[in-house]
Structures are given as structure tokens and as C-alpha cells.
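Residue numbers begin at 1 in each chain, while the letters A, B, ... track the order of the sequences.
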Number of protein chains: 2
Amino acid sequence: MSAGRQRRKGLAPMDGNKKQAIQEDTAARLRAAGLRPTRPRVALASLLLGRGHRHLTAETLHAEAAKAGVRVSLATVYNALHQFTEAGLLRQVVVDAARSYFDTNTGEHQHFFCEDDGRLIDIPGDAIAVSHVPAPPRGMAVRRVDVVVRIKRG
Amino acid sequence: MSAGRQRRKGLAPMDGNKKQAIQEDTAARLRAAGLRPTRPRVALASLLLGRGHRHLTAETLHAEAAKAGVRVSLATVYNALHQFTEAGLLRQVVVDAARSYFDTNTGEHQHFFCEDDGRLIDIPGDAIAVSHVPAPPRGMAVRRVDVVVRIKRG
DNA sequence: ATTTGTGCAAATCGTTTGCATCTGA
DNA sequence: TCAGATGCAAACGATTTGCACAAAT
């Protein structure tokens with residue numbers, strides 16, 4: 001716990017202390033998940049997990065990182081997203097063949113998907129239920145049941 | 001139901017008469033859907049709609065067409081799949097960010113998705129039900145509710 | 001010091017498109 | 001005839017990867 005040193009040439013996103021606190025917490029989470037808390041990973045995870053639940057794509061996160069003064073390559077963003085997903089910190093949502101969405105809410109829940117603008121909206125897990133899911137074929141186990149309610153303007 | 005059914009992969013697609021009958025029927029369906037029954041479209045639609053319900057990707061269909069002696073470009077396959085989908089002859093299924101699946105079953109039903117081999121299995125519409133779908137945001141209408149039961153070996 | 005991750009750009013993958021050429025009505 | 005389709009290959013956008021370098025343990 002030393003003082004705040006900033007070897008960044010970019011900017012000063014948010015209050016140094018608070019930011020550092022979040023980053024230390026994040027580093028701990030990464031470590032707990034078996035991921036080495038490197039600077040890019042900590043930065044991305046801080047953005048992801050710092051402010052409540054959100055849905056984002058690799059592009060989105062990349063842009064956000066840039067805006068926050070963290071310059072990571074898009075490739076690193078993809079890597080991080082997948083590593084986080086595997087580590088259980090994120091959940092991948094497949095609704096659109098064109099893009100991959102990631103959801104920081106790993107709890108049980110479903111989604112509205114707005115086909116007009118590609119926006120995702122959470123549906124709390126206890127607000128929706130699938131009944132009578134048939135038994136899967138022999139030797140298969142259900143890993144998850146995903147519900148996507150596709151909505152449209154009109 | 002005529003005699004010779006051959007499930008071989010070689011050539012000699014099927015008996016000439018039967019094939020022609022299917023194609024005429026298919027042409028009629030295309031016409032009814034507002035699509036000009038061109039040779040490639042009839043050939044593809046015959047493959048698609050000729051043998052019960054199936055799930056396939058553009059690649060799959062392209063390969064099948066080639067195997068059946070119909071040489072169409074992949075671009076044409078994509079075009080046809082989308083046109084058929086718009087015409088209501090097919091339904092697109094989004095389960096995997098990597099590929100687009102098309103389903104010849106346009107009725108109400110859901111799917112098992114096997115994550116090991118990427119296979120889809122139908123779940124009859126009356127075998128599963130989603131209860132308590134929350135109302136969509138103001139000004140939005142529910143277009144469809146998709147359920148994907150992700151399964152895995154084990 | 002060793003291992004693991006990063007950045008960049010090039011490579012890949014599935015899908016779409018531009019355009020000259022055909023083809024069905 | 002002639003709008004509408006096709007084929008090819010180039011264009012495309014999203015994602016992945018190969019490899020030299022940087023950072024974490």
C-alpha cells in the first residue's frame with residue numbers, strides 16, 4: 001500500500017484513491033479466479049465489474065477502455081472477455097449472429113432482445129419460468145436454459 | 001410412398017420421377033411465396049423441404065447440393081436461405097455466435113443445442129412452456145420467445 | 001529467470017456485395 | 001424482351017492467432 005503513482009501518460013479518469021481501491025479489489029477477484037492480475041486485465045475487469053450489471057460487446061468495452069484512458073488492443077479485450085467468461089466472471093449471451101454480447105450478471109436471469117437497436121434488457125430469474133423442459137437425450141446433461149424474448153418497436 | 005429409398009451418399013440422387021414431382025411441388029411453393037422458381041432455388045428448396053424437418057447451415061446445404069449434383073455458389077445458397085426465411089419457408093435459429101442455423105420447421109417449437117457437436121434437436125412447441133413472460137417495455141411488441149436448452153455430454 | 005500475457009498486424013471465418021452474364025416469364 | 005437471378009471473386013466485419021516484446025511471480 002504505497003502512495004498513488006501514476007506512470008500513465010494518458011489522463012486521470014477518476015479519483016486516484018477510489019480507483020486504486022477498485023483495482024485492488026479487482027486484482028483479488030482475478031487472482032481468486034486463477035487469472036494473473038495484469039494491468040490490462042485489472043483495468044478491463046474494473047470497468048466491467050465496477051459499476052453494476054451491464055451488457056457489452058468487445059467493441060463496446062474496447063471503446064470504453066480507450067475513453068477511460070486505458071489503451072489495450074482489441075485482441076486483448078477479446079482474450080480477456082473469454083478468460084473472464086471461462087472463469088465465471090461473465091456470461092456470454094447469444095442473441096444475434098452478428099455480435100457476441102457479454103453480461104456481467106452471472107446470476108440466473110433471461111433477456112429481452114430489442115431487434116431494432118440490438119439492446120439487451122435483463123429479465124430477473126424469478127420473473128420468468130420455463131416449465132416442462134423435456135429430458136435431454138440419453139447421456140446428456142442440461143447446462144443451461146436460455147430464454148430470449150425478441151421484441152420490436154410497434 | 002414409393003419403393004426405393006436410398007440413404008447413400010454417392011450420386012444418383014433419387015428416382016427421376018419422384019424427383020421431378022418434388023421439384024414441381026417445390027416450384028409451386030416458391031411461386032406461392034412470391035419467389036421466382038429458378039433452377040438453383042428449386043434445387044435448394046427441394047433439398048430443404050423434401051425430406052422432413054432439418055437444421056442446417058449454409059455450408060451444410062451447399063455441400064448437400066454439391067453432393068446431389070447441383071452446383072450453386074455459396075453466395076446463392078446464402079441468398080436463397082435468406083429469401084426463404086423472409087418468405088416464411090424457413091426459420092433462422094441463433095444459438096451459436098459462429099454459425100447461422102436454419103430450420104425447416106417453421107411451426108412453434110424450441111431447441112436443444114448440443115454444445116459438444118453443435119447439433120440441434122427440436123422440442124415440440126407443446127412440450128415446453130414459458131410462463132410469466134414480463135411485459136415488454138413501452139411501445140415494444142414481443143415478436144417471439146426463443147428457448148434454447150443447452151446440453152452437454154455427461 | 002521463467003512463465004505468462006500483451007500488442008500489433010496479418011490471417012481466418014462466415015457472410016455479403018458489385019457487377020457482368022444468364023434466364024425465366 | 002427484360003426485370004430479376006446467378007456466379008465469381010473481391011470486400012467485409014467480427015474474431016483469432018503468430019510472434020517479438022513486456023510484465024508478473
query: If you check the A:E59 side chain, which of C:dT6, D:dA24, D:dA14 turns out closest?
result: D:dA14
statement: One would report the end-axis bend of the helix from C:dA1-D:dT25 to C:dA25-D:dT1, five pairs per end and rounded to 10 degrees, as 30°
message: Assess whether a salt bridge exists between A:R54 and A:E64, defined as any Lys/Arg side-chain N lying under 4.0 Å from an Asp/Glu carboxylate O.
response: yes
Options C:dG5, D:dT6, D:dT15, nucleotide nearest the side-chain atoms of B:R41: D:dT6
message: Treating A:Q110 as the side-chain partner and A:V147 as the backbone partner, does any N or O pair qualify as donor plus acceptor under 3.5 Å?
response: yes
- prompt: Would you say the side-chain atoms of B:D103 and B:H109 include a donor-acceptor pair closer than 3.5 Å?
  reply: yes
query: Counting side-chain heavy atoms from CB outward, which of D:dA5, D:dA14, C:dT17 is closest to B:N79?
result: C:dT17
- prompt: Any sub-3.5 Å donor-acceptor pair from A:Y101's side-chain atoms to A:A58's backbone N or O?
  reply: no
- request: May I ask you to check whether B:H111 and B:D146 show a side-chain donor-acceptor distance below 3.5 Å?
  value: no
- line: Ranking B:R36 and B:V72 by the position along DNA chain D of their nearest nucleotide, the one closer to 5' is B:R36
message: Using a heavy-atom cut-off of 4.0 Å across all strands, would you classify A:A97 as base, sugar-phosphate, or nothing?
response: nothing
Result of checking B:N105, B:L56, B:T85 against B:L90 for side-chain contact (heavy atoms from CB on, under 4.5 Å): B:T85
